[in-house]
2 protein chains.
Amino acid sequence: MRFRYRYDGGMATTMGRRERKKAQTRQALSQAALRLFGEHGYDRVTVAQIAEEADVSVATLFAHVPDGKEALIFDDGAERGLWLVAAVRERPPGQPVLQALRRCLASRGPFSTDLPPELRRKRDLIVATPALREYSRKLWIAAEAALAEAIATDSGRDPRDMTVRALARYVLEIPDLAGAEPDPRAALDAIFDLLESGWPASPRPA
Amino acid sequence: MRFRYRYDGGMATTMGRRERKKAQTRQALSQAALRLFGEHGYDRVTVAQIAEEADVSVATLFAHVPDGKEALIFDDGAERGLWLVAAVRERPPGQPVLQALRRCLASRGPFSTDLPPELRRKRDLIVATPALREYSRKLWIAAEAALAEAIATDSGRDPRDMTVRALARYVLEIPDLAGAEPDPRAALDAIFDLLESGWPASPRPA
DNA sequence: TACGAATCCATAATGACTATATTTTCGTAG
DNA sequence: CTACGAAAATATAGTCATTATGGATTCGTA
């Protein structure tokens, strides 16, 4: 019962030893994986090595990260979608939906400028590793239903309207699509311009 | 040397015994996989069972289908993209790019009406099985560069223009996005309308 | 007919992941 | 402080896809 509310360095102060250890182990796994991936390349590192490095058994590793090897370095699975949904719901009056989404994406993910070098290395690793890139995309796409719901509510349409779902999907595809570009920000803007204005229907000349 | 040019039922008549056997085996594998998947479900069928059913060794199975279990029932990997590229290049004068793509997609993939029951079952299996659906999407997306190239050439832009690449990606995403809808054709049209006109920028009311 | 290449096969390995049964650790009630 | 039940960690063994290896067979062709 003692020390339940002691300051613990920014972590939620209501966690008991149990949850604290859990979070510690999860982070140890994440860091071990990130270091080994960066050092030897994703496919030349086995989960056994990562478990060893984090000083846990392989079974424990999978207990902490049930989604498998790729999920190891993504400790933020579910939050991604919440950002975008919140961006739609809480945007200032007078602002169009797509503008809110554009701003939100611009500040997160691979688009934020002057990223700390640690995160920059992580981003480069993800972009350069097909398995990780695919999984990252999966995480974004997982928010499709929620984002579609938010957009539908906002525009007074049915949440299952295909136009709404497509828009949600297309927005969520942007990080994968533009993340590897030399100038991600410019790419981001180009794509949003396309989504806002559509593709000019220049007919083929005879 | 005899019979090299005998009629063989529509197959290329210039194939020797070797290539003929190869194609036979490939088809046997495809059919065995499709039947077993349909009967027991994708993840409850092992590649060993499929190899057994097709009367080849597991090693031979992987020699014929190096892309793995999911690729077994897709005997048309590369062609998908070619259709769309051809649709852009060979469209009648006066027709916009997106209209050509819309028509092309409408006739292929999951969108063609009155599909023979055999292919309908196959389509349902793919749509209902995440691994197969993902792989199918991958096959479409693989044509992104080629389609972007065609669109760029047509519209006089740079093939690496992000707008062009995004449009190509978005078109190729359509089968996965609309294929599972109750009315795929209507969904297809809704998405193309979005791509042509963009999303109306209705600002949020205060 | 004979030779080289392509194909096939059995076998064994790797590596991700799952299942199970046992033990350790933690929170808490007594 | 102690004991008990839940959560977590472990060792172990198993399943499955996929790759590697080396030897046998078959085919095309000279």
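FYI, side chains are in, hydrogens and waters are out, and symmetry mates aren't considered; it's all heavy atoms of this structure. Here is how names work: the chains are called A, B, and so on, in the same order as the sequence lines, proteins then strands, and each is numbered from 1.
A sub-4.0 Å separation between OP1 or OP2 of D:dA8 and a side-chain N or O of A:Lys22 is present. Contact annotation: A:Thr60 side-chain N/O to D:dA9 OP1/OP2 distance is not under 4.0 Å. Between D:dA8 and A:His64, no contact under 4.0 Å exists linking OP1 or OP2 to a side-chain N or O.
Nucleic acid contact class of A:Val58 (heavy atoms, under 4.0 Å, all strands): none. Across all strands shown, B:Thr46 has heavy atoms under 4.0 Å from sugar-phosphate atoms exclusively, and none from any base. Using a 4.0 Å heavy-atom distance criterion, A:Val65 is classed as making no nucleic acid contact.
The pair A:Arg165-A:Glu149 does not count as a salt bridge, with every side-chain nitrogen at least 4.0 angstrom from each carboxylate oxygen. B:Arg137 and A:Glu173 are joined by a salt bridge, as a carboxylate oxygen and a charged side-chain nitrogen come within less than 4.0 angstrom of each other.
Between A:Ala59 and A:Val45, the residue anchored closer to the 5' end of DNA chain C is A:Val45, taking for each the nucleotide with the nearest heavy atom. Nearest-nucleotide mapping onto DNA chain D: of B:Glu70 and B:Lys21, the residue sitting toward the 5' end is B:Glu70.
What separates NZ of A:Lys69 from P of D:dT18 is a distance of 15 Å, to the nearest Å. Here D:dC27 presents its C1' atom at 11 Å from CD of B:Glu19, a figure rounded to the nearest Å. If you take CZ of B:Phe62 and P of D:dT19, they are 7 Å apart, rounded to a whole angstrom. With rounding to whole Å, B:Gln49 atom CD is found 13 Å from D:dT15 atom P. Whole-Å rounding puts the B:Leu36 CG to D:dA17 P distance at 12 Å. In this structure, CG of A:Leu61 is placed 10 Å from P of C:dA16, rounded to the nearest angstrom. When rounded to the nearest whole Å, the span between CG of A:Leu29 and C1' of C:dC17 equals 15 Å. Rounded to an integer number of Å, the gap from B:Arg20 CZ to C:dA6 P is 19 Å.
In this structure, A:Thr46 contributes its side chain and A:Gln49 its backbone to a donor-acceptor pair below 3.5 Å.
Using a 30° and 60° split on the angle between ring planes, A:Tyr170 and B:Tyr170 fall in the parallel class, below 30°.
The cationic atom of B:Lys69 (NZ for Lys, CZ for Arg) lies less than 6.0 Å from the six-membered ring centre of B:Tyr42 and within 45° of the ring axis.
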